[in-house]
Chemist: 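This is the structure I have questions about; it appears just below.
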There are 2 protein chains.
Amino acid sequence: MGEAEQAGSTQEGAARRAGKAPSTEETQRVFESLRNAVLDQRLPPGLQLKEQALADAFGVNRAVVRQALARLEIYRLVTHAPNRGVFVAHPSAAEGRDLFTARRYIEAAIVELAVERLKDADIARLRALVRQERQAYEAQDVRKALRLSVDFHLQLADAVGNTVLASFLDEIVTRMPLVVLAHRRESPPACMLDDHEQILDAIAAGDAGRARALMIEHVGHLEGRVSLDRGTQQGDSGIARLLGLEEGCGS
Amino acid sequence: MGEAEQAGSTQEGAARRAGKAPSTEETQRVFESLRNAVLDQRLPPGLQLKEQALADAFGVNRAVVRQALARLEIYRLVTHAPNRGVFVAHPSAAEGRDLFTARRYIEAAIVELAVERLKDADIARLRALVRQERQAYEAQDVRKALRLSVDFHLQLADAVGNTVLASFLDEIVTRMPLVVLAHRRESPPACMLDDHEQILDAIAAGDAGRARALMIEHVGHLEGRVSLDRGTQQGDSGIARLLGLEEGCGS
DNA sequence: GATTACATGATTGTCAACAATTTTCAGAGA
DNA sequence: TCTCTGAAAATTGTTGACAATCATGTAATC
């Protein structure tokens, strides 16, 4: 299933943020491959991850796979059913709502701090990232665009320099793709390419209130792409999910 | 070292918040015992946690201990030195600052939501907790008071009902004792027994702005008990730490 | 006396075999 | 056709042994 990933700025950043000390490089490698697979929406919720299959695929021992899976479980990317196995998580609507609510607060905190702490070089780097993201969209490379879109948020958090808030945001955005897969709307609304750019403008202008409002609105746009209403079932049961596998626009 | 803990409302709550699915009950048991030991400030930063010793102490296999330690590592309660072992974390001053900053934002979010969502029964339960806390202080049971003080924050978060924010706060408050141990001020300022009560009053009165301000101020009081100035060394080197093992007042 | 080289012990990391549990599937019976 | 039973296969959980690495203490050398 998940094999070697393309090296990118996200991987090392994630290692610093979430993965921490590589408790044996092998475990870390397997963990990050699976985590990246989730980020790229390659793993459908509910899929069983069998230890031996993963061990064979990665060329490692089952014990290593087991540790990687245990770590994924802590980040709630998989659920562990005792004596049954681990399955890609299938977040409930309530969980999705909690994630978006928490994301609003965390992102608001980050932009607030960004106005105070970001250097010109940081803003320039983030602007370059937004340009890349736009190019990816224009090139129809949706997967890459989605990834760059996530990277924008993560690198903004990194630039702010608060490791705790950065790791929290990292956990949230990593769990988001599963929420999207489990609760996608049939007709996704139009993509919002300009949000990131406007947020950067507000930060660069030192307008904390506007930056904060824009970011909260941006998260609202993202939440609009899924249906998390209070009556929604936990997620469609298998078949319906496989029909909507083409991904929309990003984070 | 850490053996069975007194059962209390925190344990099950923590299991729901942070611990998640008990990937084999044994692992969860070991993890929580060690986590509780950190919360009670029984584990000095820098102490090595040897796998075999823990396995013997808990009567479990080394693999179980290994998984529990890996989990502790993700919460940054321990640091893992490859081929050397795991050691109780020794948070830097920068890490401490990040934790307090993040805590301000998270707690502010929680009280904001608390004003909207808390039922009368929730408030009554929290008031009872504050009373217990006061009694513990009056009875000079500092350890219990500290624990109840932490419980107040965690149960407030639980009552709000956002599992994501609750788990974030859980991680923060669990890491705090290590920051305190590593960067304790010589003369702790007076304890602030009334903060929790006033926060509850503001929430009960529906005054979100005041509740938020009081909570931020409260976190400021907590931060005042440690010295995290930008010139401070990572922590004193062993001997000095052992001299100041008696604990102050809580969270 | 201080320092380096080396042997010893302790600890972590890896692995494969075994046990326990669950799932699957074939077949009997209603 | 459906359901129940039970054996077989597949999967997870556990344990112990072995290898690799690091820390400790001793002896030799400058």
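Per chain, numbering begins at 1; letters A, B, ... match sequence-line order.
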Chemist: Give the rounded distance in Å between these two atoms: NE2 of B/His80 and P of D/dC22.
Modeler: 12 Å
Chemist: Is it true that A/Arg35 and A/Glu32 make a salt bridge, defined as a side-chain N closer than 4.0 Å to a carboxylate O?
Modeler: no
Chemist: Hey, could you give me each pair passing salt bridge (charged side-chain N to carboxylate O under 4.0 Å, His left out) that has a residue in residues 80-95 of chain A? Not counting sequence neighbours.
Modeler: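 Every salt bridge (charged side-chain N to carboxylate O under 4.0 Å, His left out) pair that includes a residue of residues 80-95 of chain A, provided the two are not neighbours, is A/Glu95-A/Arg175.
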Chemist: B/Ser92 and B/His183: which non-hydrogen atoms are nearest, and at how many Å?
Modeler: C-NE2, 3.5 Å
Chemist: Ignoring backbone atoms, test whether B/Asn61 places a side-chain nitrogen or oxygen under 4.0 Å from the OP1 or OP2 oxygen of D/dT15.
Modeler: yes
Chemist: Examine distances only and state if a side-chain atom of A/Asp98 and a backbone atom of B/Thr163 form a donor-acceptor pair shorter than 3.5 Å.
Modeler: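 Side chain of A/Asp98 to backbone of B/Thr163, a donor-acceptor pair under 3.5 Å: yes, one is there.
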Chemist: When the distance from CG of A/Asp56 to P of C/dA16 is rounded to whole Å, what number comes out?
Modeler: 11 Å
Chemist: Using ring centroids (six-membered ring only for Trp), state whether A/Tyr75 and A/Phe31 fall under 6.0 Å.
Modeler: yes
Chemist: Return the NE2 to CD1 distance between A/His80 and A/Ile74, rounded to the nearest 0.5 Å.
Modeler: 12.0 Å
Chemist: If I take atom CG in residue A/Leu49 and atom P in nucleotide D/dT12, what distance separates them, rounded to the nearest angstrom?
Modeler: 9 Å
Chemist: Round to the nearest Å and state the distance from A/Arg29 atom CZ to C/dT14 atom P.
Modeler: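 Result: 12 Å.
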Chemist: In whole Å, I'd like the distance from the CD atom of A/Gln48 to the P atom of D/dT11.
Modeler: 8 Å
Chemist: Taking only the side-chain nitrogens and oxygens of A/Arg66, find out if one of them lies under 4.0 Å from OP1 or OP2 of D/dG13.
Modeler: yes
Chemist: When you match A/Val64 and B/Gly85 each to their closest nucleotide on DNA chain C, which lands nearer the 5' end?
Modeler: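 The residue closer to the strand's 5' end, by nearest nucleotide, is B/Gly85.
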Chemist: What one-letter contact string describes nucleotides 17-24 of chain C from 5' to 3', where B marks a base within less than 4.0 Å of any protein heavy atom, S marks contact via sugar-phosphate atoms alone, and - marks no contact?
Modeler: ----SSS-
Chemist: In whole angstrom, give the distance that lies between atom CD of B/Gln67 and atom P of C/dG13.
Modeler: 14 Å
Chemist: B/Arg125: what forms a salt bridge (charged side-chain N to carboxylate O under 4.0 Å, His left out) with it, not counting sequence neighbours?
Modeler: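 Scan of B/Arg125 (salt bridge (charged side-chain N to carboxylate O under 4.0 Å, His left out), adjacent residues dropped) gives B/Asp122.
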Chemist: Take atom CG of A/Leu69 and atom P of D/dT11, then tell me their distance rounded to the nearest Å.
Modeler: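 Roughly 14 Å, once rounded to whole Å.
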Chemist: Round to a whole Å and report the spacing from CD of B/Glu51 to P of D/dG16.
Modeler: 15 Å
